[in-house]
Amino acid sequence: MESKPHKMITIGRHVRVDFPGLGFRNVDAKVDTGAFRTVLHCERCEEVDTANGKLLEADFKLEGNEIKRMYFSEYFSKEFKSSFGEKEKRFCVKTSIKIGKKKIKSSVSLTDRSDMKFQVLIGRKTLLRRFLVDVSRKFA
């Protein structure tokens, strides 16, 4: 029995995304087919010891000026190489990302992107077999 191919959605080089599990909506994101993993801006994140073990404590500032502190029990760390060739250890968390009507479970790496135009990069792992990127389009 043959399976039907997935119908891929065409998006532009910039999209608006939601992170329903984190409570963020309509965040402007840059689609980056050169990046493997999706990246989310995080002001600060560090492991903290609690009575029940280690947690990842993360401060987000995606909407307005208010910092939203969140805790994650499920996370991992990974070494990344920046586009400048510098190595950096980052924490990653699993969450859902909504692009248009499509909701995707994905792991995202957390890093300070306060000096970048876009606080979110959508990487290949999130895009794979779901989206085609038309670089001539923005927010489409």
How far does NZ of K138 sit from CG of D28, to the nearest 0.5 angstrom?
-> 11.0 Å

Quick one: do H41 and V27 satisfy side-chain contact (heavy atoms from CB on, under 4.5 Å)? Show the steps, please.
-> CA-CA 11 Å; H41 170 66; V27 180; over 6 Å; no

With rounding to the nearest 0.5 Å, note down the distance linking CD1 in I99 to CD1 in I9.
-> 9.0 Å

How far does CD1 of I104 sit from OG1 of T126, to the nearest 0.5 angstrom?
-> 6.0 Å

Give the intermediate values and the outcome of side chain to side chain donor-acceptor pair (under 3.5 Å) for residues S136 and D134.
-> CA-CA 5 Å; S136 68; D134 180 348; 2.6 Å; yes

Apply the side chain to side chain contact (heavy atoms under 4.5 Å, CB included) test between L40 and each candidate in I97, V93, L22, V17; give the one that qualifies.
-> L22

Note: E46-R44 ion pair, threshold 4.0 Å (strictly below) | yes

Is E79 salt-bridged to R90, going by a charged N under 4.0 Å from an acidic O?
-> no

In Å, rounded to the nearest 0.5 Å, how long is the span from CG of L110 to CE of M70?
-> 10.5 Å

Which is it for S106 and K94 under the side-chain contact (heavy atoms from CB on, under 4.5 Å) test, yes or no, and what are the steps along the way?
-> CA-CA 6 Å; S106 185; K94 291 186 180 184; over 6 Å; no

Kindly compute the distance separating CG (D32) from OG1 (T38), expressed to the nearest 0.5 Å.
-> 9.5 Å

Of all heavy-atom pairs between E88 and T111, which one has the smallest distance, and what is that distance?
-> OE2-OG1, 3.1 Å

Specify the closest pair of heavy atoms between P20 and S96, including all atoms of both residues, with the distance to one decimal.
-> CD-O, 3.4 Å

Give the cluster check for V135 versus F131: same hydrophobic cluster or not, with ILVMFWY residues linked at side-chain heavy-atom distances below 4.5 Å.
-> yes

Plane angle bin for F72 and F60 - parallel if under 30°, tilted between 30 and 60°, otherwise perpendicular = perpendicular

H14 side chain to A29 main-chain N or O, any donor-acceptor pair under 3.5 Å?
-> no

Would V48 and F91 show up in the same hydrophobic cluster when neighbours are defined by side-chain heavy atoms closer than 4.5 Å?
-> no

Heavy-atom donor-acceptor pair, R124 side chain to G34 backbone, under 3.5 Å = yes

Considering residues, nucleotides and ligands other than E47, do more than 12 of their heavy atoms fall under 6.0 Å from its CD?
-> yes

Mind listing the closest non-hydrogen atom pair of R129 and M8 along with its distance?
-> C-SD, 3.6 Å

Do the side chains of F80 and F36 join up, straight or via other hydrophobic residues, at under 4.5 Å, putting them in one cluster?
-> no

Treating Ile, Leu, Val, Met, Phe, Trp and Tyr as nodes and any side-chain heavy-atom pair under 4.5 angstrom as an edge, say whether V15 and V39 lie in one connected cluster.
-> no

Under a 4.0 Å N-O cut-off, is there an ion pair linking K68 with D59?
-> no

Do the side chains of E57 and C45 get nearer than 4.5 Å, heavy atoms only?
-> no

Look at the side chain of R137 and the backbone N and O of G12, then say whether any donor-acceptor pair between them is shorter than 3.5 Å.
-> no

Can you tell me how far the CZ atom of R113 sits from the CD atom of Q119, to the nearest 0.5 Å?
-> 8.5 Å

Would you kindly say whether S114 and D112 are connected by a side-chain donor-acceptor distance under 3.5 Å?
-> yes

